[in-house]
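Per chain, numbering begins at 1; letters A, B, ... match sequence-line order.
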Number of protein chains: 4
Amino acid sequence: MCARETGRRTGRPRSAEADRAILDAARQALVELGWGRLSMGDVAARAGVAKTTLYRRWANKNELVVDAVAALFDELELPDRGSLRADVEGVVLQFAALLEQPATRTALMAVVAEATHDEALRRRIRAAIVDRQKRLVIEGRRRAQERGEIPPDDGDPTAQVDLIFDVIAGAVVHRALVSCEPVDADWAARFTTVLLGGLAAASAI
Amino acid sequence: MCARETGRRTGRPRSAEADRAILDAARQALVELGWGRLSMGDVAARAGVAKTTLYRRWANKNELVVDAVAALFDELELPDRGSLRADVEGVVLQFAALLEQPATRTALMAVVAEATHDEALRRRIRAAIVDRQKRLVIEGRRRAQERGEIPPDDGDPTAQVDLIFDVIAGAVVHRALVSCEPVDADWAARFTTVLLGGLAAASAI
Amino acid sequence: MCARETGRRTGRPRSAEADRAILDAARQALVELGWGRLSMGDVAARAGVAKTTLYRRWANKNELVVDAVAALFDELELPDRGSLRADVEGVVLQFAALLEQPATRTALMAVVAEATHDEALRRRIRAAIVDRQKRLVIEGRRRAQERGEIPPDDGDPTAQVDLIFDVIAGAVVHRALVSCEPVDADWAARFTTVLLGGLAAASAI
Amino acid sequence: MCARETGRRTGRPRSAEADRAILDAARQALVELGWGRLSMGDVAARAGVAKTTLYRRWANKNELVVDAVAALFDELELPDRGSLRADVEGVVLQFAALLEQPATRTALMAVVAEATHDEALRRRIRAAIVDRQKRLVIEGRRRAQERGEIPPDDGDPTAQVDLIFDVIAGAVVHRALVSCEPVDADWAARFTTVLLGGLAAASAI
DNA sequence: CTTTAAGCGAGACGGTACGTCTAGTCTTGTT
DNA sequence: AACAAGACTAGACGTACCGTCTCGCTTAAAG
């Protein structure tokens with residue numbers, strides 16, 4: 001999480017309690033205030049910790065906030081809802097619900113914005129968030145193939161997985177964060193109709 | 001562009017040259033530094049203008065930067081390529097090309113990130129960027145209807161326009177800025193196939 | 001007092017009221033807290049002024065405190081007591097009384113101690129305190145010459161003024177702050193006898 | 001030297017080498033940096049010792065530095081130069097030479113400054129520095145009396161010794177450390193003329 | 001020859017202040 | 001009026017140091 005040199009063995013060990021308190025405080029402050037108005041002094045005060053203790057663990061405000069939020073994107077699941085359409089609608093609504101939380105929306109966009117001029121951060125996001133969530137698409141396709149809803153792969157499905165992921169995640173993120181309109185059951189249904197119709201048409205070629 | 005009170009008629013008129021210089025300076029600073037590190041003093045200095053001249057035109061930093069960003073997206077056009085499919089592929093590639101420029105990618109993400117915790121900014125983005133670019137979808141549908149490629153509207157097409165816009169813009173932005181993979185002619189073709197297939201299926205219900 | 005570039009002519013002029021408020025606050029804080037515990041933030045708060053307003057005028061804490069200390073010594077006066085001897089005894093007792101106040105003794109020694117390894121500070125002390133107080137010696141000599149107690153200058157009196165100042169100030173400071181013995185009327189009388197006798201002998205050569 | 005509780009008898013004894021290393025490091029740091037910029041962490045690092053080892057021996061920074069400096073003032077001597085005038089000029093130049101070394105000037109002023117608000121330290125300085133150097137004045141007077149340059153004492157000379165000492169030491173310290181002007185042979189000659197003339201005049205009363 | 005009380009190096013900790021930077025406002029004199 | 005210049009309040013930033021507090025390890029004398 002925080003950059004902790006593993007080689008040290010002398011000196012007083014860092015307080016694990018402080019780690020937790022700081023990350024909790026940072027998450028809480030992020031939700032209440034947003035990235036720009038969150039201040040290190042405030043986080044330190046909330047955590048009951050000195051400001052130096054923050055700077056001993058993270059080089060600056062960005063590093064801390066990115067870490068404070070990184071774990072929020074692991075909670076997406078793909079419960080089996082019995083049909084491809086239900087699975088897609090479910091994951092769309094679940095993802096939208098996540099993005100409706102200020103903590104997550106702020107964190108995701110802030111980190112992506114920061115990444116537009118930081119190649120290393122871009123790679124980190126791709127590994128930690130993008131590739132992780134592609135598993136949801138892969139799992140959904142597998143189930144649909146088992147159910148006979150879509151034909152089995154006859155080649156490498158990577159390109160199609162990528163496309164599906166970009167369309168689903170892109171549309172939800174765009175509607176929730178750029179257009180700023182609600183991702184409700186109705187929109188999810190209409191979106192799913194378009195997506196599945198499009199995929200059927202594409203594979204029929 | 002900038003909020004210009006129309007009631008004034010006496011006194012020295014505002015310098016149009018200053019308007020241009022400020023917006024140019026803001027765009028340049030935004031690209032070089034990103035949202036967070038851009039400062040009003042720096043923009044004023046680049047524009048060769050006093051800080052008061054900025055604040056006379058825009059209420060605060062956010063307002064100025066949003067305007068500077070919005071102008072970047074006004075260059076998108078929809079030349080008639082003869083078919084709906086060609087028009088969609090064309091606008092996808094055009095939009096992707098825009099997002100491949102560091103200027104635009106940084107600006108868009110910066111402004112969206114800032115908006116995640118700023119309701120007023122969100123409204124401003126929607127008015128200055130989102131609604132403005134929906135014109136492309138509306139125009140594309142109109143042409144396709146004239147060509148007979150899609151049936152004429154039998155109700156209010158707003159919801160469908162919104163959905164199409166979210167899907168196109170979302171998928172392109174997501175692939176270009178989050179997944180960080182190229183939006184090339186091949187991807188555009190496959191995406192268009194899915195989109196048009198989906199829309200056909202949706203209207204066939 | 002504070003470094004004020006005289007060449008500027010545009011922009012808002014610096015507040016003379018702030019100048020006064022800051023120096024007053026600094027003097028007060030110096031008396032209450034001593035050099036080490038005086039903080040810039042505290043001085044700013046006492047003066048009802050932002051910290052930046054301090055740093056716009058003085059480069060750092062030392063510079064400000066030196067000026068504040070210098071002002072403490074501006075209250076020394078040389079009322080005409082009718083004879084050179086009475087004037088010397090008067091200023092010796094006045095100076096000793098000043099050094100008996102903890103505020104002044106602490107401030108003077110602190111600033112001199114700080115200056116032992118800071119060439120710039122040394123120059124500043126010389127300009128702000130030493131040269132400023134030499135006025136007392138110059139004025140005393142002028143009066144004595146008018147009274148006919150000492151002959152008029154027949155050359156540049158600077159070296160003699162310097163010597164007299166070092167002897168008077170040095171002896172008083174040394175007795176009060178290093179030897180730590182009282183500078184009373186008796187000591188002042190004996191010291192004055194030695195000083196005036198010495199000066200008479202020196203000019204008789 | 002350092003406050004060492006005598007009651008302990010078990011456990012690992014304190015390292016005498018650390019004592020030396022710390023005091024040496026403190027003296028060196030004091031000369032290089034001055035009192036204010038000397039830091040306990042830096043002294044510990046120079047001494048190759050942990051900060052706790054410093055605080056086990058001295059309660060705080062002041063205590064350590066005072067101890068580090070105490071021994072520096074024992075080197076003044078009064079060789080017989082054959083006449084009172086030559087002896088005075090000699091001791092003036094010798095004392096000035098001592099104060100021209102950064103080590104001594106910094107140490108002396110630092111310790112005096114600290115003493116302005118520490119009664120115990122003031123007494124300690126008086127015993128260790130002031131009274132010790134008064135022997136130079138006493139010895140000089142004795143020699144001059146033997147040579148017949150000044151009349152023998154007809155009462156208690158203490159008050160006069162004190163006055164002479166304050167004048168000499170005060171003037172030299174003031175010129176060297178406050179006025180910051182060179183104490184050269186010329187100044188020493190002029191000062192001696194004034195001092196001896198003054199003393200002659202005073203005893204002629 | 002083990003126990004034991006303390007010293008020791010390393011470095012984290014709560015604090016406090018530093019000096020810098022920026023936002024957004026205000027005050028001059030000039031155009 | 002707008003403008004250039006720059007002072008102003010407010011407050012966060014990231015750094016440095018103080019003096020304290022764990023850690024785990026070392027060292028001598030006491031048992």
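B:L33 places its CG atom 15 Å from the P atom of E:dC21, with the value rounded to the nearest Å. Rounded to whole Å, the distance from CD1 on B:I22 to P on F:dA4 is 8 Å. F:dG11 atom P lies 17 Å from atom CG of C:L54, rounded to whole Å. Distance, B:D19 CG to F:dA2 P: 12 Å, rounded to whole Å.
The 12-atom threshold is not exceeded at CD of D:E17, counting heavy atoms of other residues, nucleotides or ligands nearer than 6.0 Å.
When each of F:dA28, F:dA4, E:dC13 is scored by its nearest atom to the side-chain atoms of A:R14, the top-ranked nucleotide is E:dC13.
Here the side chain of B:R46 pairs no donor or acceptor atom with the backbone of B:A25 at under 3.5 angstrom.
Phosphate contact (OP1/OP2 of E:dG14, side-chain N/O of A:T53, threshold under 4.0 Å): present. In this structure, B:R57 reaches the F:dC3 phosphate: one of its side-chain N or O atoms is under 4.0 Å from OP1 or OP2.
Looking at every heavy atom in both residues, A:R57 comes nearest to A:S15 through NH2-O, 3.0 Å. A pairwise comparison of heavy atoms in A:A29 and A:D42 identifies CB-OD2, 4.2 Å as the closest pair. Considering all non-hydrogen atoms of both residues, B:L38 and B:K61 come closest at O-NZ, 2.9 Å.
Taking the side chain as every heavy atom from C-beta outward, B:L64 and B:L23 approach each other to under 4.5 Å.
Within the 4.0 angstrom heavy-atom criterion, only backbone atoms of the sugar-phosphate kind lie near B:G48; the bases stay farther away.
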(request) Starting at the 5' end of nucleotides 16-21 of chain F, put B wherever the base has a protein heavy atom under 4.0 Å, S where only the sugar-phosphate does, and a dash everywhere else. (result) BBSBBB
